[in-house]
Amino acid sequence: MDLIYTLDLVGTFVFAISGMLTAANKRFDLFGGAVIALVTAVGGGSVRDVLIGATPVGWMQDTNYLWVIGGGAAFGYLFQAYILKLRRTMFLFDTIGIGLFTILGLNKALSFGVSPSVAVLMGTVSAVFGGVIRDMLCNVEPLIFRGEIYATACMAGALLFLFLQQLSLPYNWAVVVTVSFIIILRILAVRFHWGLPHVEIKDRKG
Amino acid sequence: MDLIYTLDLVGTFVFAISGMLTAANKRFDLFGGAVIALVTAVGGGSVRDVLIGATPVGWMQDTNYLWVIGGGAAFGYLFQAYILKLRRTMFLFDTIGIGLFTILGLNKALSFGVSPSVAVLMGTVSAVFGGVIRDMLCNVEPLIFRGEIYATACMAGALLFLFLQQLSLPYNWAVVVTVSFIIILRILAVRFHWGLPHVEIKDRKG
Amino acid sequence: MDLIYTLDLVGTFVFAISGMLTAANKRFDLFGGAVIALVTAVGGGSVRDVLIGATPVGWMQDTNYLWVIGGGAAFGYLFQAYILKLRRTMFLFDTIGIGLFTILGLNKALSFGVSPSVAVLMGTVSAVFGGVIRDMLCNVEPLIFRGEIYATACMAGALLFLFLQQLSLPYNWAVVVTVSFIIILRILAVRFHWGLPHVEIKDRKG
């Protein structure tokens, strides 16, 4: 459980950095950047907790999250140029983050008595909705809707995790296998330009 | 009650289609389209449930909603060109949908102990806020704020429904009368170009 | 306590006016303007209440808020040109409003058992998030992220208030001192063009 908690904080840290970098792109002030960092890191989990009725929402119950987010925001502010060179490392941490957030969100939703299909959705929401709110606050179209395999990887991972639990694989192993699966899926998707088909208004003559 | 449940699912189906079509207009990917379909269909009810404290929110408690939304999204994706020809049918179903959503939302809010005026607002939110969130996620200005009689029809319907309950009209009859009223109001509004006055910054010389 | 309740309603009134004026700028219809007025006035407190689990959210429990918001929206609609000349008065009332909203939000969050640092955040959210949602609904970039000392003043005020409570200053005095502090801070910030540094993507040569 300690490993998972640590990785959860790592994911939170990386999300906070990504929020600060998006705010930098829009020339927000420092306070705005900190808010975007916070929202990116805890937005998904907050939406999940509010929808399932787990209030006060999770990050309010453990001040470590605020410290880690403050650290991530400061790190993102101070080392922008440096971070942009570390794209691969960031990609890896981000993918570990969404993988873990998916599983933790899935489990929390199940523990509040929703059905497995809703829990899969809530796991995905935990992982990706922080980024969606970040993009809404920055007034850009949400990145996740534009064809990369991202939320889809979370959803596939959540289904795999449920399946592994069904096989009574121990919790920690199921976490490791699922997160590895999500990482491999995303690496393959980026390398081979996998993407979902776009929804387009088709030619109306037909 | 069975009729109302069926109509509720019909409204959900139509809202899911409208979400998928909006996503198509913005060239989102298939996953994005499915998310927009879901949010359009359940967003209004979720906002209401979260504000009044009815969690886990309603659609999580009955998996039929997810199936109907999945069906609506698939239908919207496959038959785009066809649906665009069925505008009148869609308009009718959409209006039935918002009429029912208004009444169901109003009743749910009342059952959580809020005042009638707040319940009227919550009924309207149930009906129209899914569309508002859809438009926010797609980064377009919310349609409902631009002068058509839409949310106003819901609000008028909610007031009428409260009044009919006051007269102790049986529930099902009150539903039928209210939904018919909303449909007629919307048809008249569209035919005769009724609209609310725009709010404008007036000439500052005066 | 009576004075504070009155000032709370004054703040609500001013926020409703500011919502209506923003809607006017975007040429929304009258209903849209009323919704924006409502959301501007109660959005921040609603987000706070939903996150800490205080549902039904606060403004639903006291119909005076709806009346005051309706009054503010009507006032904003009828006296637009006049209000634009009263900018200084509006600025003062707005600042009193955010000051009070900060303190009331801080106290409510504390009474739901969150830590002081989270309560400071929730106080700030109460004060500024109505404006953020207003700007999101109107599809403009949130004003508060663009470098004025606004949310920062709320946060500083919340910290000061916690400190004064620590010194066991009576509640009413602590409120007066904190609100005065926020007002003075904002006046100085506007007069001397104080602002937070912008977050920018730095030159990448370094």
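The sequence lines fix the lettering, A, B, ..., with proteins before strands; numbering per chain opens at 1.
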Original post:
Taking only heavy atoms into account, what residues of residues 108-120 of chain C are found under 4.5 Å from chain B?
Top reply: none

Original post:
Rounded to the nearest 0.5 Å, how far apart are OG1 of B/Thr152 and CG of C/Asp29?
Top reply: 6.5 Å

Original post:
What residues, two or more places apart in sequence or in another chain, satisfy ring pair (Phe, Tyr, Trp, His ring centres under 6.0 Å) together with B/Phe181?
Top reply: none

Original post:
Should C/Val50 and B/Leu51 be marked as a side chain to side chain contact (heavy atoms under 4.5 Å, CB included) after you check the CA-CA gap, both sets of side-chain angles, and the distance that decides it?
Top reply: CA-CA 7 Å; C/Val50 160; B/Leu51 289 174; 4.1 Å; yes

**OP:** Under the side chain to side chain donor-acceptor pair (under 3.5 Å) rule, collect the residues that match up with C/Thr40, sequence neighbours excluded.
**Re:** none

**OP:** State the CE-CD1 distance between C/Met60 and B/Ile52, to the nearest 0.5 angstrom.
**Re:** 7.0 Å

Original post:
Is chain C contacted by the side chain of B/Leu121, its backbone, both, or neither, given a heavy-atom distance below 4.5 Å?
Top reply: side chain

Subject >> Listed once per pair and sorted, the salt bridge (charged side-chain N to carboxylate O under 4.0 Å, His left out) pairs that draw on residues 62-72 of chain C, sequence neighbours left out >> reply: none

